[in-house]
A.B. asks: 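Take this structure first; my questions come after.
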Amino acid sequence: MANSAVCDKYIAMYEALKGIIAESQQRVVSTPPDNFFIDNMNFFVKAYLINMCTYMESYLQEICLQHSKKITDRVLSANIPHNFLHWKFATKKHKEKDFEFSPINIVIEKREISDELSANVYKTSDVFRNLGIDLSTCAEYVAKKDIIKIMVTKRNNIIHHNDGASDVTLNDLLNKVDDFLAYMIGIDTIVLSQ
């Protein structure tokens, strides 16, 4: 199955990031080594890690927005009366202002998704569940979520607590990019199958 255009865009971004990380690694191990990279290694590691997580969060938001639009279009094309759904799902008694004599039009705004979603695997799972997608049935999500969780936690610690990330190397990041790609492609596959 082909990836979504959104996924393909982020695959290209991750592949470019891998190239940058590999070049940075090469400069560190070259003879003679590039002192600029050696002296600023921690800065580069943190920057690359932050980018990895930012790409994931952006991908997740874009694919969720695209999927919610698909759902919205299906609901609108079904021409279901607004009042019927309001009657069925309202938790309180209807007021006159609640009635609309038109088809239901449910729109999820980008802000609503971005407020709820991050690269955090639990928030990701919750938002996808709201979209009717069970990520626990996605083998790549299940296999990679712990790795993603660790990296996102490390990113959050860098941003919010100035963590030094001294336990992460450029080689670690190269391997983790592949994990991020597998995770993202797995999610993309399950979204496209809906």
Side-chain angles (χ1 to χ4, degrees), residues 1-67 110-111 113-125 127-128 135 138-192:
M1 173 184 276
N3 302 317
S4 70
V6 173
C7 187
D8 284 341
K9 176 175 87 172
Y10 285 94
I11 289 171
M13 292 168 71
Y14 275 120
E15 292 297 336
L17 181 60
K18 276 177 66 174
I20 293 167
I21 296 170
E23 175 66 24
S24 299
Q25 176 73 6
Q26 186 57 41
R27 288 178 184 231
V28 169
V29 298
S30 67
T31 306
D34 186 325
N35 287 331
F36 178 76
F37 280 87
I38 290 175
D39 293 344
N40 296 291
M41 178 59 59
N42 192 253
F43 172 82
F44 288 114
V45 167
K46 291 191 296 187
Y48 300 151
L49 175 58
I50 290 168
N51 275 322
M52 285 169 53
C53 294
T54 300
Y55 291 170
M56 182 58 65
E57 188 168 322
S58 296
Y59 161 76
L60 292 169
Q61 289 181 11
E62 283 188 45
I63 202 69
C64 283
L65 186 62
Q66 181 178 304
H67 189 68
K110 182 177 182 176
R111 177 192 44 76
I113 290 173
S114 65
D115 287 350
E116 297 291 323
L117 185 66
S118 74
N120 174 296
V121 296
Y122 302 112
K123 287 184 177 184
T124 298
S125 178
V127 170
F128 277 84
L135 289 181
C138 175
E140 293 82 1
Y141 172 83
V142 172
K144 301 296 184 187
K145 72 178 182 174
D146 289 339
I147 294 165
I148 303 301
K149 178 183 169 192
I150 289 166
M151 299 310 286
V152 169
T153 299
K154 184 155 291 298
R155 185 268 320 251
N156 290 343
N157 288 337
I158 290 167
I159 292 172
H160 301 296
H161 306 292
N162 199 25
D163 183 350
S166 58
D167 58 334
V168 180
T169 67
L170 291 172
N171 199 47
D172 293 335
L173 292 179
L174 279 173
N175 293 328
K176 298 302 183 226
V177 170
D178 290 333
D179 292 327
F180 273 63
L181 281 166
Y183 177 87
M184 180 180 70
I185 291 168
I187 290 173
D188 201 65
T189 300
I190 197 168
V191 170
L192 291 177

A.B. asks: Anything under 30° is parallel, anything over 60° is perpendicular, the rest tilted; go ahead and classify F44 against F36.
C.D. replies: perpendicular

A.B. asks: Any idea which heavy atoms bring L49 and R155 closest together, and the distance?
C.D. replies: CD2-N, 4.2 Å

A.B. asks: Are Y10 and F180 near enough that their ring centres are under 6.0 Å apart?
C.D. replies: no

A.B. asks: I'd like to know if the side chain of Y141 and the backbone of V121 have a donor-acceptor N/O pair within less than 3.5 Å.
C.D. replies: yes

A.B. asks: Using side-chain heavy atoms (C-beta onward) and a distance below 4.5 Å, is C64 in contact with L117?
C.D. replies: yes

A.B. asks: Checking salt bridge (charged side-chain N to carboxylate O under 4.0 Å, His left out) between D179 and each of K149, K144, K145, which is the one that passes?
C.D. replies: K144

A.B. asks: Determine the minimum heavy-atom distance between S166 and N42, stating which atoms define it.
C.D. replies: N-ND2, 3.8 Å

A.B. asks: When you compare the side chain of M41 with that of L170, does any pair of heavy atoms fall below 4.5 Å?
C.D. replies: yes

A.B. asks: Just wondering, are more than 12 heavy atoms of other shown residues or ligands nearer than 6.0 Å to CD in E116?
C.D. replies: no

A.B. asks: Between C7 and I185, what is the shortest heavy-atom contact and its length?
C.D. replies: SG-CG1, 3.9 Å

A.B. asks: Taking C-beta and beyond as the side chain, do I190 and F128 meet within less than 4.5 Å on heavy atoms?
C.D. replies: no

A.B. asks: Identify the two heavy atoms, one from I158 and one from I50, that lie closest to each other, and give their separation to 0.1 Å.
C.D. replies: CG2-CD1, 3.8 Å

A.B. asks: Do V127 and Q61 come within less than 4.5 Å of each other through their side chains, counting heavy atoms only?
C.D. replies: no

A.B. asks: Taking all heavy atoms of L60 and all of S118, pick out the closest pair and write down the distance.
C.D. replies: CD1-O, 3.8 Å

A.B. asks: Do M13 and Y59 have side-chain heavy atoms sitting under 4.5 Å apart?
C.D. replies: no

A.B. asks: Looking only at heavy atoms, which two atoms of V45 and L173 are closest? And how far apart?
C.D. replies: O-CD1, 3.6 Å

A.B. asks: Any donor and acceptor pair, going by atom type alone, linking the side chain of N40 with main-chain N or O of F43 inside 3.5 Å?
C.D. replies: no

A.B. asks: Do I147 and K176 have side chains that get closer than 4.5 Å, going by heavy atoms?
C.D. replies: yes

